[in-house]
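Reviewing the structure listed below.
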Amino acid sequence: MDDDALLGFLKNFNHWAWWITALVLFIVELAAPGIFFLWLGVAAAITGFVAFFAPGLGWQIDFVIFAVLGVIATVVGRRVYKPSQVPSADPTLNQRGAQYVGQVFTLATAIENNHGRVNLADGSWLVEGPDLPAGARVRVIGTSGAKLKVEKA
């Protein structure tokens with residue numbers, strides 16, 4: 001598309017083009033839901049009404065109006081339509097290490113230089129804590145990545 005054709009297209013970008021753009025953005029929102037294209041569609045629809053009632057503004061002003069309304073609609077829409085955070089019945093469901101916090105286990109290997117191991121039902125876990133001999137009872141007090149932080153029980 002050469003510059004003259006593009007300029008001619010933009011000069012003829014009227015209220016109908018904005019409403020069609022809004023409709024396309026609404027359809028894109030249906031195809032890829034994420035509550036983002038909805039707000040741009042709203043901005044395009046409002047820009048279409050502005051272009052309908054004030055056709056002499058020019059395509060440059062219409063695009064500026066669309067850009068400003070797009071930002072405003074997105075910011076306001078994100079604040080108004082905030083998905084509710086439903087508290088989970090099991091907040092540690094996918095955090096296996098966090099599920100062990102508060103439990104007492106027996107050391108499989110001694111903790112030396114703050115590192116050792118415990119055997120759990122699902123395997124062997126690295127532990128981090130004070131130096132203790134193998135067979136000592138330890139309580140899990142937290143996690144650090146894939147390590148369990150322990151103290152003497």
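Excluded from the calculations below are hydrogen atoms, water molecules and symmetry mates; all remaining heavy atoms, backbone and side chain alike, are included.
Ring pair Trp19/His15 is perpendicular by interplanar angle, where above 60° counts as perpendicular and below 30° as parallel.
Side-chain heavy atoms closer than 4.5 Å link hydrophobic residues (I, L, V, M, F, W, Y) into clusters, and following such links, possibly through other members, connects Ile46 to Phe26. The hydrophobic clustering, which links ILVMFWY residues whose side-chain heavy atoms are closer than 4.5 Å, places Val75 and Trp39 apart. There is a path of hydrophobic side-chain contacts, each under 4.5 Å, that joins Ile61 to Val50. Both Leu6 and Phe66 are members of a single hydrophobic cluster when ILVMFWY side chains are connected at heavy-atom separations under 4.5 Å. Using a 4.5 Å cut-off between side-chain heavy atoms of Ile, Leu, Val, Met, Phe, Trp and Tyr, with links allowed through other members, Leu38 and Leu23 fall into different hydrophobic clusters.
Put simply, the side chain of Val118 does not reach to within 4.5 Å of the side chain of Thr106, judged on heavy atoms. Counting only heavy atoms from C-beta outward, the side chains of Ile141 and Val101 never approach each other to under 4.5 Å. Two residues are said to be in side-chain contact when any heavy atoms from C-beta on lie closer than 4.5 Å; Lys152 and Leu132 meet this criterion. Within the 4.5 Å cutoff, the side chain of Ile111 has heavy atoms near those of the Val150 side chain. Contact annotation: the side chain of Trp59 approaches that of Leu7 to within less than 4.5 Å [non-hydrogen atoms, C-beta and beyond]. Side-chain atoms of Val127 and Leu107, non-hydrogen and from C-beta on, do get closer than 4.5 Å to each other. Side-chain contact between Asp62 and Leu57 is present, with heavy atoms from C-beta onward closer than 4.5 Å. Put simply, the side chain of Leu120 reaches to within 4.5 Å of the side chain of Leu148, judged on heavy atoms.
The main-chain N or O of Ala51 is never found under 3.5 Å from a side-chain atom of Asn14 such that the two would form a donor-acceptor pair. Judged purely by atom type and a 3.5 angstrom limit, Thr109 uses its side chain to pair as donor or acceptor with the backbone of Arg117. A donor-acceptor pair under 3.5 Å is absent between the side-chain atoms of Glu151 and the main chain of Arg139, judged by distance alone.
Asn114 and Pro130 get closest at one heavy-atom pair: OD1-CA, 4.2 Å. Here the closest non-hydrogen pair linking Gly41 and Ala22 is O-CB, 3.3 Å. What you find for Ala134 and Ala108 is that their closest heavy atoms are CB-O, 3.9 Å.
With sequence neighbours excluded, the residues satisfying side chain to side chain donor-acceptor pair (under 3.5 Å) with Lys147 are His115. Residues meeting the ring-ring contact (aromatic ring centres under 6.0 Å, His included) test with Tyr100, sequence neighbours left out: Phe105, Trp125. Residues passing the ring-ring contact (aromatic ring centres under 6.0 Å, His included) test with Phe36, sequence neighbours excluded: none.
In this structure, Trp18 has its ring center closer than 6.0 angstrom to the ring center of Phe63.
One distance of note links CZ of Phe13 with CG of Leu10; it measures 8.0 Å at 0.5 Å rounding. With values rounded to the nearest 0.5 angstrom, Thr143 atom OG1 is found 11.0 Å from Gln99 atom CD. One distance of note links NZ of Lys11 with CG of Asp4; it measures 9.0 Å at 0.5 Å rounding.
Shown are Leu69, Thr21, Leu25, Val28; of these, the side chain to side chain contact (heavy atoms under 4.5 Å, CB included) with Leu40 is made only by Leu25.
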